[in-house]
Peer 1: 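My questions all concern the structure below.
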Amino acid sequence: MSYLLERDALNGKQGKATLTLNGEIHDLFSIKKLETDVEYQKSDFKVVGTTTVQQKTTGVKKTGKMTIYMGTPLFVKMAQEYEKNGKVLYFDVYVENNDPATSIGKQAISYYGCSLDKIPLSMLDADTDTLEAEVGFSYTSFEVLENFTDPALLG
């Protein structure tokens with residue numbers, strides 16, 4: 001049986017993320033963690049002749065979240081735009097995993113039609129040295145711009 005060698009395990013710190021809003025590209029320099037998900041929505045499917053309850057996929061829910069260090073005004077400004085003018089600001093996010101120490105290359109995915117779900121506006125915490133906040137968002141579509149390759153060598 002083949003297995004992945006440690007040299008091709010991705011370093012989670014190697015990569016970058018950018019946010020495009022109104023044609024302006026913003027480096028997401030204050031993120032600590034970023035994750036996107038596609039969650040399959042399913043309904044029960046029952047038929048006579050079996051007691052098995054099957055699951056039929058009926059759609060997908062696309063969400064993401066970023067853990068950021070407080071002090072990033074971009075998201076607060078986006079919330080303020082909705083508060084003052086009722087205008088939701090949509091944005092795109094580009095995420096690249098690129099650990100040059102591996103043989104699997106890089107992966108680049110763009111997420112389109114993103115909108116904020118939850119952002120913290122203010123925060124105080126006497127028990128921490130650095131304030132971190134979680135920003136939630138949803139998106140309407142994504143495109144894989146570049147995919148990882150198979151490892152050059154297996155164990």
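In what follows, residues are counted from 1 in the order of the sequence shown. Heavy atoms only: backbone and side chains are in, while hydrogens, waters and symmetry mates are out. The structure presented is a predicted model; accordingly, all values stated were derived computationally and were not measured.
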Peer 1: Are the side chain of Asp125 and the backbone of Asp127 linked by a donor-acceptor contact shorter than 3.5 Å?
Peer 2: yes
Peer 1: Please identify which of these residues, Ile104, Thr102, Leu5, meets the side chain to side chain contact (heavy atoms under 4.5 Å, CB included) condition with Pro151.
Peer 2: Ile104
Peer 1: Do Asn22 and Phe91 touch side chain to side chain, with heavy atoms closer than 4.5 Å?
Peer 2: no
Peer 1: Is it the case that one hydrophobic cluster holds both Tyr82 and Leu116, taking links as side-chain heavy atoms less than 4.5 Å apart, direct or via other members?
Peer 2: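 The answer is no; the residues belong to distinct hydrophobic clusters.
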Peer 1: Are Phe75 and Met70 linked, directly or through intermediate hydrophobic residues, by side-chain heavy-atom contacts shorter than 4.5 Å (ILVMFWY only)?
Peer 2: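 No: no chain of side-chain contacts under 4.5 Å links Met70 to Phe75.
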Peer 1: To the nearest 0.5 Å, tell me how far Lys62 NZ sits from Phe137 CZ.
Peer 2: 12.5 Å
Peer 1: Work out which heavy atom in Val88 is nearest to a heavy atom in Ser115; give both atom names and the distance.
Peer 2: CG1-CB, 4.2 Å
Peer 1: Quick one: do Tyr139 and Tyr90 end up in the same hydrophobic cluster if we chain Ile, Leu, Val, Met, Phe, Trp and Tyr together by side-chain heavy atoms under 4.5 Å apart?
Peer 2: no
Peer 1: Does any non-hydrogen side-chain atom of Glu143 lie less than 4.5 Å from one of Tyr111?
Peer 2: no
Peer 1: May I have the step-by-step check of side chain to side chain contact (heavy atoms under 4.5 Å, CB included) for Leu145 and Tyr94, ending in yes or no?
Peer 2: CA-CA 10 Å; Leu145 305 172; Tyr94 170 84; 3.7 Å; yes
Peer 1: Check Thr72 against Tyr69 and note the closest heavy-atom contact, atom names and distance.
Peer 2: OG1-O, 3.3 Å
Peer 1: Between Asn98 and Gln14, does the side chain to side chain contact (heavy atoms under 4.5 Å, CB included) criterion hold? Intermediate values first, please.
Peer 2: CA-CA 6 Å; Asn98 188 9; Gln14 299 282 33; 5.7 Å; no
Peer 1: For Thr58 and Gln41, indicate whether the former's side chain and the latter's backbone hold a donor-acceptor pair under 3.5 Å.
Peer 2: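 Judged by distance alone, yes, a pair lies under 3.5 Å.
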Peer 1: Compare every heavy atom of Ser103 with every heavy atom of Thr149, then report the nearest pair and how far apart it is.
Peer 2: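 Minimum heavy-atom contact is OG1-O, 3.5 Å.
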Peer 1: Around atom CD of Gln55, are there more than 12 heavy atoms from other residues, nucleotides or ligands closer than 6.0 Å?
Peer 2: yes
Peer 1: Atom NZ of Lys65 and atom OG of Ser138: how far apart are they, to the nearest 0.5 Å?
Peer 2: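 The distance works out to 14.5 Å.
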Peer 1: Val60, Phe45: one ILVMFWY side-chain cluster at the under-4.5 Å cut-off?
Peer 2: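 Result: no, two separate clusters.
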Peer 1: Is there a path of hydrophobic side-chain contacts, each under 4.5 Å between heavy atoms of I, L, V, M, F, W or Y residues, that connects Ile25 with Tyr112?
Peer 2: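 No, no single cluster joins them.
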Peer 1: Do Glu24 and His26 touch side chain to side chain, with heavy atoms closer than 4.5 Å?
Peer 2: yes
Peer 1: Would Leu28 and Ile68 count as a side chain to side chain contact (heavy atoms under 4.5 Å, CB included) if you check the C-alpha gap in whole Å, the side-chain angles of each, and the deciding distance to 0.1 Å?
Peer 2: CA-CA 9 Å; Leu28 292 174; Ile68 64 169; over 6 Å; no
Peer 1: Please lay out, stage by stage, how Thr36 and Leu34 fare under the test side chain to side chain contact (heavy atoms under 4.5 Å, CB included).
Peer 2: CA-CA 7 Å; Thr36 56; Leu34 187 144; 4.2 Å; yes
Peer 1: Indicate the atoms forming the closest heavy-atom contact of Asp92 with Gly113, along with that distance.
Peer 2: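 Closest heavy-atom pair between Asp92 and Gly113: OD1-N, 3.2 Å.
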Peer 1: Within the side chain of Thr128, is there an N or O that forms a donor-acceptor pair under 3.5 Å with the backbone of Thr130?
Peer 2: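 Yes, because the side chain of Thr128 sits within donor-acceptor range (under 3.5 Å) of the backbone of Thr130.
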Peer 1: Of the non-hydrogen atoms in Phe148 and Asn97, which two are nearest, and what is the gap between them?
Peer 2: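 Phe148 and Asn97 have their closest heavy atoms at CZ-CB, 3.7 Å.
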Peer 1: Got a second to check how far Glu96's CD is from Thr18's OG1, nearest 0.5 Å?
Peer 2: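 Going from CD on Glu96 over to OG1 on Thr18, the span is 9.0 Å.
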Peer 1: Rounded to the nearest 0.5 Å, how far apart are CG of Leu89 and NZ of Lys77?
Peer 2: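 Leu89 CG to Lys77 NZ: 12.0 Å, rounded to 0.5 Å.
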Peer 1: If I compare all heavy atoms of Leu124 with all of Leu131, which pair ends up nearest, and what's the gap?
Peer 2: C-CD2, 4.4 Å
Peer 1: Calculate, to the nearest 0.5 Å, the distance between atoms CG and CD belonging to Asp37 and Glu35 respectively.
Peer 2: 4.5 Å
Peer 1: So, Lys118 and Glu134, do they make that salt bridge, N to O below 4.0 Å?
Peer 2: no
Peer 1: Is a donor on one side and an acceptor on the other found under 3.5 Å between the side chain of Asn11 and the backbone of Lys13?
Peer 2: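 Flag set: sc Asn11 to bb Lys13 pair under 3.5 Å.
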Peer 1: Kindly compute the distance separating CE (Met123) from CD (Glu132), expressed to the nearest 0.5 Å.
Peer 2: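 With rounding to 0.5 Å, CE (Met123) is 9.0 Å from CD (Glu132).
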Peer 1: Output yes when a side-chain donor or acceptor of Asp27 lies under 3.5 Å from a complementary backbone atom of Phe29, and no otherwise.
Peer 2: no
Peer 1: Check for a donor-acceptor pair, side chain of Thr52 on one end and backbone N or O of Gln54 on the other, with a separation under 3.5 Å.
Peer 2: no
